[in-house]
Amino acid sequence: MHPIASTAQAQAWNGYEGTHWAVHHDRWNAVNAGFDQPLFHASAIAPGDRVLDIGCGAGATTRLAARAAAPHGSALGLDLSGPMLQRARASADSAGLDNIRFEQGDAQVHPLPRGSFDLAISRFGIMFFTDPAAAFANIAAALRPGGRAALLCAAEPDGNQWLTTLAALADLLPLGDFGKPGPGMFSLAAPGAAEALLEEAGWRNVRAEHVTALGTWGHDAAEAADFLLNTGPGRHLLRHTAPSTAARALDRLTDALRPYEGDAGLQLRSTGWLLTATTPDA
């Protein structure tokens with residue numbers, strides 16, 4: 001069976017969600033930038049490398065990769081989201097980067113040129129595939145023999161303070177199984193799940209390292225609570241909630257977040273699996 005593109009994901013990331021991430025790209029980067037150090041240490045990008053960035057979003061990691069690969073290397077960012085790629089191209093132009101480009105597509109089926117990259121990276125762009133084994137096989141085929149990958153995916157839900165803090169709203173919002181491993185954000189959270197899929201797709205030397213990082217969600221609790229409840233998971237939970245209940249949830253979440261305020265802003269810990277692997281030698 002041939003893999004198919006994810007229509008639902010394409011609709012989400014080219015609709016409200018993708019537009020919100022594009023408009024608030026700096027804030028989302030502040031949430032996830034704590035993972036850049038382990039990701040780029042593992043990827044070990046060298047000048048001259050040709051880098052493929054999967055699920056690049058607004059291009060923050062693609063720009064870092066392009067700078068590391070300069071002057072003779074390059075970086076290609078691949079993402080489903082038209083709004084985020086528009087933001088990515090504008091930011092790359094403003095930075096004066098001429099060794100970077102972006103393409104819109106689904107890594108499961110996108111016609112990546114075979115054997116054209118030295119390595120693939122991703123910062124939380126690999127959890128939403130309907131057929132992850134097919135996506136990992138397509139990515140592997142785009143790398144040269146002996147190519148390498150450094151990929152981040154979300155780890156255990158309970159290790160993410162933004163999610164455990166939302167538990168304070170359990171009597172107000174329909175949390176249900178929200179945050180449980182399954183299709184979506186935590187699809188690869190179970191120990192060994194991502195490694196098995198990479199090996200099934202033909203990758204070698206597959207390793208997973210558990211990593212944690214702090215992310216800045218706002219200047220203070222009020223700003224962070226508003227941000228959490230108006231995008232992604234929070235917006236999903238509020239979708240069928242009465243305005244009065246939503247207001248109560250915002251007040252309570254603000255109170256729950258106050259202990260995390262600090263001089264550097266409101267910071268919450270998140271967890272991930274840092275996956276490294278290589279493609280077979282020729």
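Computed from heavy atoms alone, side chains included, the values below leave out hydrogens, waters and symmetry copies. Given the structure is predicted, the values throughout are model-derived calculations rather than measurements.
The side chain to side chain contact (heavy atoms under 4.5 Å, CB included) test with Phe136 is passed by exactly one of Ile54, Leu197, Leu275: Leu197.
Between Glu103 and Arg101 there is a salt bridge, since at least one side-chain N of the basic residue sits less than 4.0 Å from a carboxylate O of the acidic one. Note on Arg258 versus Asp255: salt bridge recorded, some NZ/NE/NH1/NH2 to OD/OE distance being below 4.0 Å.
Considering only heavy atoms from C-beta on, Thr271 comes within 4.5 Å of His210 through its side chain. The shortest side-chain heavy-atom distance between Leu253 and Leu169 falls under the 4.5 Å cut-off.
The aromatic rings of Phe124 and Phe35 lie perpendicular to each other, with more than 60° between the two planes, well past the 30° mark. Ring pair Phe227/His24 is perpendicular by interplanar angle, where above 60° counts as perpendicular and below 30° as parallel.
Figure legend: Arg144 and Phe117 shown without cation-pi pairing, the cationic atom not lying both under 6.0 angstrom from the six-membered ring centre and within 45 degrees of its axis.
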Checklist line | Stepwise side-chain hydrogen bond (donor to acceptor under 3.5 Å, both in side chains) test for Ser91 and Arg87 | finding: CA-CA 6 Å; Ser91 295; Arg87 178 68 261 172; 3.3 Å; yes
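For the residue pair Asn14 and Ser81, no side-chain donor N or O sits within less than 3.5 Å of a side-chain acceptor on the partner. Neither side chain, Gln161 nor Ser270, offers a donor N or O lying under 3.5 Å from an acceptor on the other.
By the side chain to side chain donor-acceptor pair (under 3.5 Å) test, Asn32 pairs with no residue at all, sequence neighbours left out.
For residues 120-130, the salt bridge (charged side-chain N to carboxylate O under 4.0 Å, His left out) pairs, not counting sequence neighbours, are Asp36-Arg123.
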